[in-house]
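Everything below concerns the one structure shown next.
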Amino acid sequence: MHDIITEIWQTARRNKLRTTLTGFAVAWGIFMLIVLLGAGNGLINATMKMTGDFLTNSMEAYGGQTSKAYQGLSEGRYIQLNKRDIEASESEFKNNIDEVGACYYFNTTVTHGEQYMSMQIAGVYPVHTKIVKQRLICGRFVNDIDQREKRKVLVLNDKQAKELEPRDYKAMLGKNVKVGDFSFKVVGIYKNPGDGEGNAYSAYSTIKGIFGANNPSIGNIEFTFHGLTTEEANEAFEKDYRRRLNANHQAHPDDERSIWIWNGYTQSMQMEQGLSIIHTFLWVVGLLTLLSGIVGVSNIMLITVKERTHEFGIRKAIGAKPWGILKLIITESVIITTFFGYVGMLPHWVMR
């Protein structure tokens, strides 16, 4: 074996250009395969993490703008959801809807000592933590007692807490801060999942009662559901639900722009289909890239055999067996492919 390796090394030194081109084809194919699969898996994992932050069997309804004239009313009217909409959601869709909540957003300034910052506070029901999954760092989230007793509690994200208490943001837990002209107690701090400022959270009854008492809009409706296990069932439910809310606002029953519905189940299904297509595409492109490298190596090795025909003839004349010559060629191909294959993977290891 030592003699074979020594002979292969001498052959590679005599044919540097050929060996280099062969190795480059292998290394490039492996490198591109790893890059494509790595980028694709990174995209898939990021998307899965993003979709995993929301409960699959949940929906959110938003007021939109009518696109059809109806009952003497022109198109283009803005729809704001109200108490009748949330009451209809709770009483008329019990066969599918489990828990119903609402979100009311309000922008204000929060002050703690000499530190202050503008932030968006979302008044939510406790069900919000089931629909939008937040990772608590310390403390707790809004609960039923907060909602029922209209407690002035506040849940900050870690970025907001660091702005208000730069030295030790966890020390904000249990502290009182000034929200507008009112004192709120910080009862929890959660991990901000994105790059933006994120929202602070409080009880819906508190925020709506203080900052939105004169606004007939209840904000957005959100709820969990069960029994809708197919795309067709979800589409049928959305159609019936939108038709019912449209009736509360004298909008055309078939107007799909008057009420916008975000459905976690259908979004998840569409995302899974898209990710499956991306995954298949990446593997096909990666394998084709690797195949092109294999074809390149095969062509170069074919040229190598033709170039060494005279040498092989002399070997046979002095007693070399055909299998010995074939073993030499195969061993040379395997060694070159293996070595430069690792070279192609080297950038990946360095970046890790």
**Message:** Using 0.5 Å steps for rounding, measure from the CZ atom of Phe237 to the CE atom of Met59.
**Reply:** 5.0 Å
**Asked** For Asn220 and Tyr105, does a side-chain donor sit closer than 3.5 Å to a side-chain acceptor?
**Response** no
**Request:** Go through the side-chain N and O atoms of Asn199 and Gln120 and say whether any donor and acceptor fall under 3.5 Å apart.
**Result:** yes
**Message:** Please enumerate all residues that pass salt bridge (Lys or Arg N to Asp or Glu O under 4.0 Å) together with Asp98, with sequence neighbours excluded.
**Reply:** none
**Message:** Is there a path of hydrophobic side-chain contacts, each under 4.5 Å between heavy atoms of I/L/V/M/F/W/Y residues, joining Leu55 to Val124?
**Reply:** no
**Request:** Could you give me the CA-CA distance, side-chain angles and deciding distance for Val153 and Val155, then say whether side-chain contact (heavy atoms from CB on, under 4.5 Å) is met?
**Result:** CA-CA 7 Å; Val153 296; Val155 180; 5.9 Å; no
**Request:** Could you tell me whether the side chain of Ile121 reaches within less than 4.5 Å of the side chain of Met119, counting heavy atoms only?
**Result:** yes
**Asked** Is Leu228 close to Tyr265 at the side-chain level, that is, under 4.5 Å between some pair of heavy atoms?
**Response** no
**Message:** As an exercise, state the distance from OG of Ser58 to NZ of Lys130, rounded to the nearest 0.5 Å.
**Reply:** 12.0 Å
**Prompt:** Can a donor-acceptor pair be found between the side chains of Asn246 and Arg242 at a distance below 3.5 Å?
**Reply:** no
**Prompt:** Can you list the steps and then say if Tyr78 with Gln80 is a side-chain hydrogen bond (donor to acceptor under 3.5 Å, both in side chains)?
**Reply:** CA-CA 7 Å; Tyr78 287 96; Gln80 291 185 329; over 6 Å; no
**Donor-acceptor side-chain pairing of Asn57 and Thr224 below 3.5 angstrom** = no
**Request:** For atom CZ of Arg148, decide whether the heavy atoms of other residues, nucleotides or ligands shown that lie under 6.0 angstrom number more than 12.
**Result:** yes
**Gap separating the NZ atom of Lys83 from the CG atom of Asn248, nearest 0.5 angstrom** = 14.0 Å
**Item:** Partner of His249 under side chain to side chain donor-acceptor pair (under 3.5 Å), chosen from Asp255, Thr66, Asp85
**Value:** Asp85
**Item:** Distance in Å, Leu245 CG paired with Ser258 OG, rounded so as to fall on 0.5 Å steps
**Value:** 8.5 Å
**Prompt:** Less than 4.5 Å apart, any side-chain heavy atom of Glu90 and any of Ile221?
**Reply:** no
**Item:** Within 6.0 Å of NZ in Lys68, more than 12 heavy atoms from elsewhere
**Value:** yes
**Candidate pair Glu163 and Tyr169, rule side-chain hydrogen bond (donor to acceptor under 3.5 Å, both in side chains), full reasoning** = CA-CA 8 Å; Glu163 287 286 337; Tyr169 73 92; over 6 Å; no
**Request:** Name all residues meeting the side chain to side chain contact (heavy atoms under 4.5 Å, CB included) criterion together with Gln147; count only those two or more places apart in sequence or in a different chain, and write none if there are none.
**Result:** Tyr125, Pro126, Ala203, Tyr204, Ser205
**Message:** Considering only residues two or more places apart or on different chains, which pairs with a residue in residues 208-236 satisfy ring pair (Phe, Tyr, Trp, His ring centres under 6.0 Å)?
**Reply:** Phe106-Phe211, Phe223-Tyr241
**Prompt:** If we only count heavy atoms from C-beta on, is the Val179 to Leu154 side-chain gap below 4.5 Å?
**Reply:** yes
**Request:** Search all heavy atoms of Tyr104 against all heavy atoms of Gly212 and return the closest pair with its distance.
**Result:** OH-CA, 3.4 Å
**Message:** Evaluate Lys170 against Ile137 for side-chain contact (heavy atoms from CB on, under 4.5 Å), listing each step before the verdict.
**Reply:** CA-CA 8 Å; Lys170 291 184 180 180; Ile137 298 175; 3.7 Å; yes
**Prompt:** Which atom pair, heavy atoms only, marks the closest approach of Lys185 to Gly174?
**Reply:** CE-O, 3.8 Å
**Message:** Show the nearest heavy-atom pair for residues Thr229 and Asn234, with the distance to one decimal.
**Reply:** N-ND2, 4.4 Å
**Message:** Is there a path of hydrophobic side-chain contacts, each under 4.5 Å between heavy atoms of I/L/V/M/F/W/Y residues, joining Trp262 to Val127?
**Reply:** yes
**Prompt:** Is any side-chain heavy atom of Gln160 less than 4.5 Å from a side-chain heavy atom of Val110?
**Reply:** no
**Request:** Would you indicate whether the side-chain heavy atoms of Glu222 and Cys103 approach each other to under 4.5 Å?
**Result:** yes
**Exercise: identify the closest heavy-atom pair between Ala171 and Glu165** = CB-CG, 4.4 Å
**Request:** Determine, step by step, whether Met172 and Leu164 satisfy the side-chain contact (heavy atoms from CB on, under 4.5 Å) criterion, reporting the C-alpha distance in whole Å, the side-chain angles of both residues, the deciding distance to 0.1 Å, and the verdict.
**Result:** CA-CA 8 Å; Met172 285 298 300; Leu164 297 175; 4.1 Å; yes
**Message:** Can you give me the closest heavy-atom contact between Ala61 and Ile259, atom names plus distance?
**Reply:** CB-CG2, 4.4 Å
**Prompt:** Got a sec: does the CG of Asp181 have more than 12 other heavy atoms crowding it under 6.0 Å?
**Reply:** no
**Asked** Are Glu92 and Lys94 close enough for a salt bridge, meaning some N to O gap below 4.0 Å?
**Response** no
**Message:** Counting only heavy atoms from other residues, nucleotides and ligands, does the tally under 6.0 Å from CZ of Arg77 exceed 12?
**Reply:** yes
**Message:** How about NZ on Lys150, more than 12 heavy atoms from neighbouring residues, nucleotides or ligands closer than 6.0 Å, or not?
**Reply:** no
**Message:** Could you measure the distance from the CG atom of Leu156 to the NZ atom of Lys162? Nearest 0.5 Å is fine.
**Reply:** 13.0 Å
**Item:** Close side-chain approach of Asn143 and Arg140, heavy atoms under 4.5 Å
**Value:** yes
**Item:** Trp260 with Leu81, same ILVMFWY side-chain cluster at under 4.5 Å
**Value:** yes
**Request:** Before giving the answer on side-chain contact (heavy atoms from CB on, under 4.5 Å), spell out for Leu136 and Ile189 the whole-Å C-alpha distance, their side-chain angles and the decisive distance to 0.1 Å.
**Result:** CA-CA 6 Å; Leu136 277 172; Ile189 300 174; over 6 Å; no
**pair Lys159-Glu197: side-chain heavy atoms closer than 4.5 Å** = yes
**Asked** Would Asn176 and His112 count as having a side-chain donor-acceptor pair, cut-off 3.5 Å?
**Response** no
**Message:** Same cluster or not: Ile79 versus Ile218, using hydrophobic residues (I, L, V, M, F, W, Y) connected whenever any side-chain heavy atoms lie under 4.5 Å apart?
**Reply:** yes
**Item:** Val177 reachable from Met117 in the ILVMFWY side-chain graph, under 4.5 Å edges
**Value:** yes
**Message:** Can you tell me how far apart CD (Glu99) and CD1 (Ile97) are? Round to the nearest 0.5 Å.
**Reply:** 11.5 Å
**Asked** Between Phe141 and His128, what is the shortest heavy-atom contact and its length?
**Response** CZ-CD2, 4.3 Å
